[in-house]
Amino acid sequence: SPHSRDSAVPDRISGLLAAPEDSELTPLLRPKGVRRGYALLPPLLKVLPHQGQQNWDSEAPRLQPDSRALRYMKRLYKMSATKEGIPKANKSHLYNTVRLFTPCSECKHSHSDLMKGDLHSVDLLFNLDRVTALEHLLKSVLLYSFDTSVPTSSSTCVCHLSVKEHDSSSQVCPSVSHSVAFSLHFEVRKRKWVEIDVTSFLQPLIATNRRNIHMAVNFTCLMGDPRPNTKQNDFINMALVPPSLLLYLNDTSEQAYHRWNSLRHRRKNPAWPRQRSSPFADVTGDEGRENTQLKRA
Amino acid sequence: SRRRRDGNLKEAPATPPYNLSEYFKQFLFPQNECELHSFRLSFSQLKWDRWIIAPHRYSPQYCKGDCPRVVGHRYGSPVHTMVQNLIYEKLDPSVPKPSCVPAEYSPLSVLTIEPDGSIVYKEYEDMIATKCTCR
């Protein structure tokens, strides 16, 4: 009975069988008479929208991701796994989870043109509810995609980043409570994606399980031609679509694949299956059979 | 020794010609012995391709077949398997025979869209059976 099955199941597996609390699982997953619905494909099903008794294709509405973000993640998938979906044995790639968040709201402050370049500043709000407590941050980057089809002379951009605290009184665009600026030079012309490492900023926030991250990011892009002309300004505004936030994580849960664990597992069980004579050979005639077989071989 | 052997031969009753095929039958592997079987599914069949972006196809494989009585040396089975088989054969047939189950797996990388629209790349453990055993 389900009860005995629960008690017999080691705790590492019972977590996999935990039923999503408030979901009405379809008959496929909840066989007749079973008290608790079991997630048959635990990790994959946990991300399934909770269903009533309908069939699967009437899924709960799902926000559609940004197409650029989707393109980037498909590229990351191709680099990390084979066509059959087997993770590549890549020593440098310690992560087993990568999450990409697009900002859920932004307030664009267009400043006047301070220097030769164009200052483009946005306040961004990222909601990190999907990050679980067992997912530990390895690295996080702001991901800018540039529309390189726009003709431009070479330009270098300097990025100023300030992370904001959210206080209850503030509107969607929070007031700056503490900001740390850092500059990063990169050539826009050559790249389609630019990753700006913000790990040091986000580490403390994610470690304290912060769910909402407010950021103000501004770019000063010094064009090759000092005289700011409207065409190039358009380029920068067009190129700087709001960035996505990329988190490289190490999921420490049982279901996640741990490279080091699989290496350790193989070391623990050397040549498998082991050749072994069993104490019951005479009863089952195994010894005699084995000898005859060996001779025959 | 030759005299003794001839003596033995004269005494030994003529045994019926032994049917060799009968003799070798006991060494043949059972027809449907426990082994790994391939199975390929695409997430579109389950209508999950709207939120599982990659891979398009997935081969979980599965183990099926009878466990031979003597499994010690072929499946890396623990001695308990033989004990269980003995119990089933000699003591209590209500105790189940050893079953053909996966012994090792390989992971799978999955790219999915989360309900909030974010995108996640995840590597899951134990998603593809790669070896079978009798337990």
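As a basis for the values below, the full set of heavy atoms in this structure was taken, side chains included, without hydrogen atoms, waters or symmetry mates. Given the structure is predicted, the values throughout are model-derived calculations rather than measurements. Naming convention: chains lettered A, B, ... in sequence-line order (proteins, then strands); numbering from 1 in each chain.
- In this structure, OG on B:S118 lies 12.5 Å from CG on A:D66, to the nearest 0.5 angstrom.
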A:V98 vs B:V120, side-chain contact (heavy atoms from CB on, under 4.5 Å): CA-CA, chis, key distance, verdict: CA-CA 6 Å; A:V98 181; B:V120 59; over 6 Å; no
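- In this structure, chain A has a heavy atom under 4.5 Å from the side chain of B:I53, while its backbone stays farther away.
- In this structure a side-chain-to-backbone donor-acceptor pair under 3.5 Å is missing from B:Y121 to A:N96.
- Neither the backbone nor the side chain of A:L247 comes within contact range of chain B; no heavy atom of the residue lies under 4.5 Å from a heavy atom of that chain.
- There is no contact between B:S59 and chain A, counting heavy-atom distances below 4.5 Å.
- Closest of all the heavy-atom pairs between B:S109 and A:Y77 is O-OH, 2.8 Å.
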List the steps and the verdict of side-chain contact (heavy atoms from CB on, under 4.5 Å) for B:D116 and A:R130. CA-CA 8 Å; B:D116 66 349; A:R130 303 302 299 184; 3.2 Å; yes
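- Counting non-hydrogen atoms of other residues, nucleotides and ligands closer than 6.0 Å to CZ of B:R40 gives a total of 12 or fewer.
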Please report the C-alpha distance between B:I119 and A:T102 in whole Å, then the side-chain angles of each, then the deciding distance to 0.1 Å, and finally whether the side-chain contact (heavy atoms from CB on, under 4.5 Å) criterion is met. CA-CA 9 Å; B:I119 308 170; A:T102 42; over 6 Å; no
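- Side chains of B:K122 and A:E135 form a contact here, defined as non-hydrogen atoms less than 4.5 Å apart.
- In this structure, NE2 in A:H258 is found 6.5 Å from CD in B:E125, a value given to the nearest 0.5 Å.
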Let's go through A:K83 and B:H56 carefully: what are the C-alpha distance in whole Å and the side-chain angles of both, what is the deciding distance for side-chain contact (heavy atoms from CB on, under 4.5 Å) to 0.1 Å, and is it a yes or a no? CA-CA 9 Å; A:K83 239 188 191 151; B:H56 300 303; over 6 Å; no
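- Here the OH-CE distance, from A:Y257 to B:M127, works out to 14.0 Å after rounding to the nearest 0.5 Å.
- Interface remark: A:S80 contributes backbone and side-chain atoms alike to the contact with chain B (heavy atom separation under 4.5 Å).
- When side chains are defined from C-beta on, A:I86 counts as touching B:S106, because their heavy atoms get closer than 4.5 Å.
- A:K74 touches chain B through backbone and side chain together, each having a heavy atom under 4.5 Å away.
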